[in-house]
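Residue numbering restarts at 1 for every chain, and letters A, B, ... go by the order of the sequence lines.
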Amino acid sequence: MPKSTNKYLISALLIGLVFHGTSIFFTLESTYDALIHLFFADHYTESWFEPWNFKWYTGFTVMSYPPLVHQMIALFSLIGGLKFGLFFVGILSVILFITGVYRFSLLLTSNRKVAGYAAILAVFSSSFAETLHLFGQLPSIVGVSILMHALPEIYLWLRSGKLKYLVTSLSLIAVTVCSHHVTPIFGMVFFIFPLIGMAIMDESSEKADAIQKVNFRIFLDSFKKLFKRIIGFGFSSLILIIICILPYWINTKNNPITQVPIPHGSRDNFIEIGSSGLVFFLIPWGILLIFLPYIFYRFYSKRYLFFGISITILFILGSGGTTPIPKLLLGENAFNILTLDRFTLWASLMALPLFGEFIFRMVEADLKILIVKKVGTVYYRLFGSFLAVLLLFMTISTMTLSYFRPSQPQPIKMLPIVNFLNQDQHDQWRYLTLGFGDQMAWLSAQTKAMTVDGNYHSARQLPELTTKAIERLENSKFKGIEGIGSLQQFLTVPEKYNLKYVFSNDKFYDPILYFCGWQRLCQLENGIMVWERLNIPPVSSILPKNDIATWQKVMWGVIPLLTILIAILVHIRTIWIRTMNDRIISIPVYLNHTNQYSKFSRPIWNITHIWSYILLVIVLVSIHKIYTDNDAHRTPENAILSYYDALDFKNFEKAYALIDKSKSLSISQYMLEISVSDGLLSSYAKLDAIQCEINKINDTIANALVQTTWITPLEKINKTFFKSLIKKGDKWFIKQEKIDADLPPDQLYSQNASIYVNHGRRRITTEQTHHEDLLKQPVIEILSATLIKKGTEYAIVGEIQNVDNIPADVTLKGWLYANDDTALANYNAKYHVKHKLMPKEVSSFKINFEGIAWSDVDEEIPTTFDPDEFTSIKFTKEPMKFNLHVAGNVSGKDLYKSLHISDVRFDDKGISGQLFNSGIQEVTVPQLIFTYYNSRKKVIWVDHKFVEEGIRQQRKRGFQYAFPLNETIEIISTDMLNCLVNGLPNVSISDKMVPNRIKNHVNNELQKINHQNFNYLKIELNSFVGNPN
Amino acid sequence: MKRTATYIIILLFILVSSFALINEEVEHNVELVNAQKTYTAGDQIVLTFSSSTALKANLYVSNSYGTTFLEPMIKDDLLVFDLTQDLNHNSGWINWALEVDKEIAIRGSFNIKPHQDVAQIESYLGPNTIQTGEKDFAMMVLLLLDKYNNPVADSTKAIVKNQYLDDISSSDIYTSNLICYKNFYAKKTAGRALVSSESDNTYSKEYTIDILPNVPIDFKIEVNRDHGFADGNQLAEFKTSIIKDQFDNIVSDGTYVDFFIRNKNGDVLKTSGVTVMGTAIGSIVHPDQPDEWSVKAYIPGMAESNEINIEYKQAIKEFDLIFEQETGTLSVDGLKSFMNQLIPDGQRVELKITKDKVLTHEFQETARNGKASFIIKDVLLSKGTFTFEVRVAGLMKELQHTNL
């Protein structure tokens, strides 16, 4: 028989290359992982043999991920840049995958045609499309593809015992190991074990003449016969797994992952959380779901029995938290570390050969005859086209999912940021990106500046990050308050990390930046806002790193590519013979187990047929349920929920559709009313939870008590709304509330103000600022400072004044010491100080000593996170003394001081009052700072409140504030000996700048209050202007 | 045992004799021919040693910058080391030692003095802003350097000039311990002083000292308002007199002034202003009910103003309160200001509902077109006697309603 080229495989390759090779350019860059691999590749281009990377997480080792794919990208990037390398390897992985499926299918089905069908179907496999085009997991694809290539070689080794097959299979296993570590380990269990089972089964069936005659005894005999080969292969591949990426294992052992597990959608209950079910179950299984009965039926036939067991386990493990079984199987620990979606990926790949077989039988073999005979040609054609349409639909919708539901922010032009970092030595500080998504990895790859964040969470080192279940600081808003909590620690004490610049692509983070003492520097051409923090020292020129032995570095740099070279050398002979020689030298033994495909099992057809209809019904019912759940007007609950949902997503047109228009409210009026209400709640909040209690008055009128929880960058806001609803026709509408009718006094008015500019450098030079241009640090005086203890919490409270003639940015840092001068803790003032002071302006302050939340691994993490929740440091000794360092820096920004108190009323519980904005800017987030004094008019406590709504120019805004609960405050120390300003003793500054200070000058103007612990109160105002104009 | 002892003795003997070998003195007869103790920077420096035998020698030389080895040129049985090329620029002591056969044969030192002529002036001034008065000062530090960048010899003269307003003064200072310096004390008037220095026909750049105003002293405030009615809608502006320091300088722009307002109840309201040309304006909206304010401004710890008292008269004299049973609406109407004009929109209207003398609800509305209404249909669902208490601009009206 002359050998002919398999036209199915060729067409599969052609279609695959055109289809994936084209679309990859539009999808890969916005996937979750591709840019991370790109960043790693960039590392290898810069230093092939040095595994330590300083750019992320204040330093981490790239030995935390197998290097092969990254090194390949790095290698190809030498030709056409990093992205070329990425796409090239991506396309390479497509070829490897299609051929891999072909070979695996050929091995399983012993039929070239069936394998060809499987290869064509593999092109459209939704799980492959998802892994490549949505997740961008190149190493995983390369790993599993090579593994599939290895399977026939392993089978041949087991059956023939020829050493050359052992060499070929091991050479491929080595490549797999170097590209992805998890694949060979689990691949052993789920692919190679069943393969061994099948090899034994085939051996037995040849011995017994027919598969039906195989019994346990024969099976055992064959097992004994093959045992040595199995053991030989097992041990040598185990050695390969260890040796090939030995530095990886050493690194894992030395830096074990002790971090809090990061929630992953693949561990969710897919029925409860539909989106996870879609991404991690429906999409990867895709059309295969219809063929589940056939797949299981075939896999549980005697020959494939072990594959049957394997795919069953994979199916169950892949179902995540839907059933408790995966957790029981894997154990709590592994369940929380592994991402379970890969099990589904492997299961769906394992099913591909049989999918190919089914389609083959349907298109040109026994199943076709069966269907035509049973239900006729028309139905057969309809069924066929239905399947084809469904297959294409699943694939295309998978690939375009990120288009319709973007998982990433719009592509950001990185050049302006890269230029910014290169200018003026900005790369001497660390930076942080906010709202960049996975594109932060692309930025890191392009600049030599370092960030405190990173995008490979297994490599995190800082306890501030590892103790929280957040992947990155960058997207902390999506991790609720837990993320924000982590972020604010970095923003409050940035000097610890030499963090000076924040690139913000999301205005959500503006308030937290402002109130942590950051200021806007400039907006780059690409719309990214640069925030900076003053008084941050640059990164030292020598940074610590975990150095490792040179032999490890050499192994890491050499072995991966060597495995590829060896694999190519080993296979080149076979490939040569296959392509150049028309004669068939020898038929591989696995082709002996052919199937006749003469009679399709009738019950299986029936079951598949019925199963398809069941699936169809399930789909239709789900669609109907989704429709009724989302029909906003159907019930008052729906109306309220969709209204707040629309408001949350700023979908005002949808919100307007839910408003009762009987008062002739036009959309323009509605939009106007919405647009004038700025503030924390309307511009910076994300709806976290909503509960709605409906009180139906009659059939057409209902009242709703809506309890909402909003996550804002600053704090969690609980807000209760009362809404009235009215039914018109059969639709419910929400009655619009009246808006504040406050009318400002003036139409056009002016204000005189001092505004400042600091050139930074008057001379254009790349030198550091010339000493003539160095500005004197503004002088701040610490008026009072007291160490107090409230409950178990320690704080330094007091007052500072800018005694200079220029405006100042202030940074306060407090240290606590025990009586024997052991340093216990240090922290910066966060919200409780006005960070920007005009000349002679006074601000109260409080420094809380915040610990790293849940740094104790055994400590139980609260299930819901509260932003205001405060982790006080666990002190080993009692703090008795304190140091306070204040640094002033010249700043001409954020000096808006036109917010005033126009009315206050006091009662025993708190204050209600009115703020008035007399200036020319809209105050987005007003903050009140409350300073409490004791009977001797000494500062003993400082508290704050953010007003949820903004205040427009010349308008009033009410506020309510409840006094802190009665908790005794103990004064620990009032010794101000160790208070330093700009490095100089406070006393000397005080003597020099204001020698004749009037002590307790404004004490007469303090507000007397009725409170158990406090006698007097002072209110100061601070305002964040979100959109200065 | 005996044998061991013998071995040890033999070993010890070998050891001791080898020490003797090492310690053997080699006498070298080497002398410095051209002994000179001082040079001037830029001079030719050559050390010549005479030696009785042709020697293999190196010169070990160290100055304040570091240490080096030199190899000799041998000329007429003399060892000649030329230090001119690398070592004659930097002033200071140079120590040398001649090493012959790994032994130091002779050592010595000489001094290089800086060149007499000043070639450049390195000058530093700081801080560049100081406070008026006689206490604060800025310091000018000069480093007079020769052409090889060495600080010139002590007691070299420099002239420092200082311009302030019309006055240009000049003073001579002399270097001591490598530098010379001068303190410029602040004057009583704020302004800018320019400083320069020169020495030996070499001139420095121009330096600036900004003399900024001192701590402010007490000042006065006055109020500007359009009328004295409590309409909650106009602005009252508190304006300070020009705030100055004790030397009559206007305080820096941007100086922050706190205005504390104490109302009739003794509660503290607050506004603030920052100075422009010494005057700060703090504005605040009129109260919406009659009030008496006493206002005082502070620059905390430094200065304060006089206290002024202002009165706000009742703007709304009365209003109507109507309850409509069918719609469940409580309306406030006829909110008129002091000239019977409708009160400007935004007037606060508060409603407290008590049921059987228990407070059940509180509402707040803002008036529009002199009216405000509360839809309280759902509040009145239960049976009982309700009291509606409405407060507007310090006025209070009550209405009773009984649900049967």
Query - Under 4.5 Å from any heavy atom of chain A - which part of B:Ala280 - result: neither
Query raised in the report: Once you round to the nearest 0.5 Å, how far does OG of B:Ser305 lie from NZ of B:Lys239?
Result: 14.5 Å
Query raised in the report: Cut-off 3.5 Å, side chains only: do B:Asn249 and B:Asp245 have a donor facing an acceptor?
Result: yes
**Report entry** Best-contacting candidate, B:Pro287, B:Pro213, B:Ala372, B:Gly282, against chain A by heavy atom pairs under 4.5 angstrom
**Finding:** B:Pro213
Query - Pairwise distance CG(A:Leu915) to CZ(A:Arg957) - rounded to 0.5 angstrom - result: 9.5 Å
Query raised in the report: Contact part of B:Tyr207 toward chain A, heavy-atom cut-off under 4.5 Å: side chain, backbone, both or neither?
Result: side chain
Query - Interface residue of largest heavy-atom contact number with chain B, from A:Leu775, A:Asn805, A:Asp742, under 4.5 Å - result: A:Asn805
Report summary line: Here the gap from A:Asp894 atom CG to A:Lys834 atom NZ, rounded to the nearest 0.5 Å, amounts to 13.5 Å
**Report entry** Passing option when B:Ile284 is tested against B:Leu235, B:Val295, B:Ile261 for side-chain contact (heavy atoms from CB on, under 4.5 Å)
**Finding:** B:Ile261
**Report entry** A:Glu949 bridged to A:Arg955 by N-O distance under 4.0 Å
**Finding:** no
Query raised in the report: If you count heavy-atom pairs under 4.5 Å with chain A, which of B:Pro127, B:Gly266, B:Pro300, B:Gly133 comes out on top?
Result: B:Pro300
Query - Contact origin within B:Ser294 toward chain A - heavy atom pairs under 4.5 Å - result: neither
Query raised in the report: Which bit of B:Lys135 is near chain A, if near means a heavy-atom gap under 4.5 Å: side chain, backbone, both or neither?
Result: side chain
Query - Heavy-atom contact with chain A under 4.5 Å, split by part of B:Val274 - result: side chain
Query raised in the report: How about A:Asn986 and A:Glu781: does a side-chain donor come under 3.5 Å of a side-chain acceptor?
Result: no
Query raised in the report: By a 4.5 Å heavy-atom criterion (distance strictly below it), what part of B:Ala303 contacts chain A: side chain, backbone, both, or neither?
Result: backbone
Query raised in the report: Taking every heavy-atom pair that is under 4.5 Å apart, which of B:Asp258, B:Asp253, B:Val285, B:Leu212 has the most such pairs with chain A?
Result: B:Val285
Report task. Can you tell which part of A:Asp746 gets under 4.5 Å to a heavy atom of chain B, answering side chain, backbone, both or neither? Result -> side chain
Query raised in the report: Under a 4.5 Å heavy-atom cut-off, does chain A meet the side chain of B:Glu365, its backbone, both or neither?
Result: side chain
Report summary line: dist B:Phe229:CZ -> B:Ile316:CD1 (nearest 0.5 Å) comes out at 12.0 Å
Requested in this report: Return yes if some donor-acceptor pair links the side-chain N/O of B:Asn214 with the main-chain N/O of B:Thr132 below 3.5 Å, else return no.
Outcome: yes
Query raised in the report: Side-chain donor-acceptor pair under 3.5 Å between B:Ser204 and B:Ser123, yes or no?
Result: no
Report summary line: Exactly one candidate in A:Asn996, A:Val803, A:Ile998 meets side-chain contact (heavy atoms from CB on, under 4.5 Å) with B:Met302; the answer is A:Val803
Report summary line: One option among B:Tyr256, B:Phe259, B:Tyr124 has the most heavy-atom pairs under 4.5 Å with chain A, and it is B:Tyr256
Report task. Among B:Val257, B:Asp291, B:Asp136, single out the residue with the greatest number of heavy-atom pairs under 4.5 Å to chain A. Result -> B:Asp136
Query raised in the report: Which region of A:Leu837, side chain (C-beta onward) or backbone (N, CA, C, O), has a non-hydrogen atom less than 4.5 Å from a non-hydrogen atom of chain B, or is it both or neither?
Result: neither
Query raised in the report: Quick one: what part of B:Asn128 sits under 4.5 Å from any heavy atom of chain A, side chain, backbone, both or neither?
Result: side chain
Query raised in the report: What do you reckon, is NZ of B:Lys371 surrounded by more than 12 foreign heavy atoms closer than 6.0 Å?
Result: no
Query raised in the report: Should we say atom CE of B:Met139 is surrounded by more than 12 heavy atoms from elsewhere, each under 6.0 Å from it?
Result: yes
**Report entry** A:Pro995 portion near chain B, given a 4.5 angstrom heavy-atom threshold
**Finding:** side chain
Query raised in the report: Regarding A:Ser898 and A:Gln751, is there a side-chain donor-to-acceptor distance under 3.5 Å anywhere?
Result: yes
Query - Engaged part of A:Glu1020 at the chain B interface, taking heavy atoms whose separation is under 4.5 Å - result: both
Report summary line: Counting heavy-atom pairs under 4.5 angstrom with chain B, the leader among A:Ile755, A:Asn752, A:Asn917, A:Val904 is A:Val904
Query raised in the report: Out of A:Ile901, A:Ile701, A:Leu743, which one racks up the most heavy-atom pairs below 4.5 Å with chain B?
Result: A:Ile901
**Report entry** When B:Lys296, B:Gln364, B:Gln131, B:His286 are compared by non-hydrogen pairs under 4.5 Å with chain A, the top option
**Finding:** B:Gln131
Query - Closest-packed option against chain B by number of heavy-atom pairs under 4.5 Å, given A:Lys897, A:Arg905, A:Lys956 - result: A:Arg905
**Report entry** B:Glu350 and B:Lys352 ion-paired at < 4.0 Å
**Finding:** no
Query raised in the report: chain B heavy atoms under 4.5 Å from A:Leu1006: which part of the residue, side chain, backbone, both or neither?
Result: backbone
**Report entry** Under 4.5 Å from a heavy atom of chain A, the part of B:Thr275 involved
**Finding:** backbone
Query raised in the report: Which bit of A:Glu1005 comes within less than 4.5 Å of chain B, counting heavy atoms only: side chain, backbone, both or neither?
Result: both
Query raised in the report: Counting heavy-atom pairs under 4.5 Å to chain B, which of A:Val1002, A:Leu1017, A:Ile1019 comes out on top?
Result: A:Val1002
Report summary line: Turns out that what part of A:Gln914 lies under 4.5 Å from chain B's heavy atoms comes down to side chain
Report summary line: Output for pair (B:Asn233 CG, B:His227 NE2), nearest 0.5 Å, gives 8.0 Å
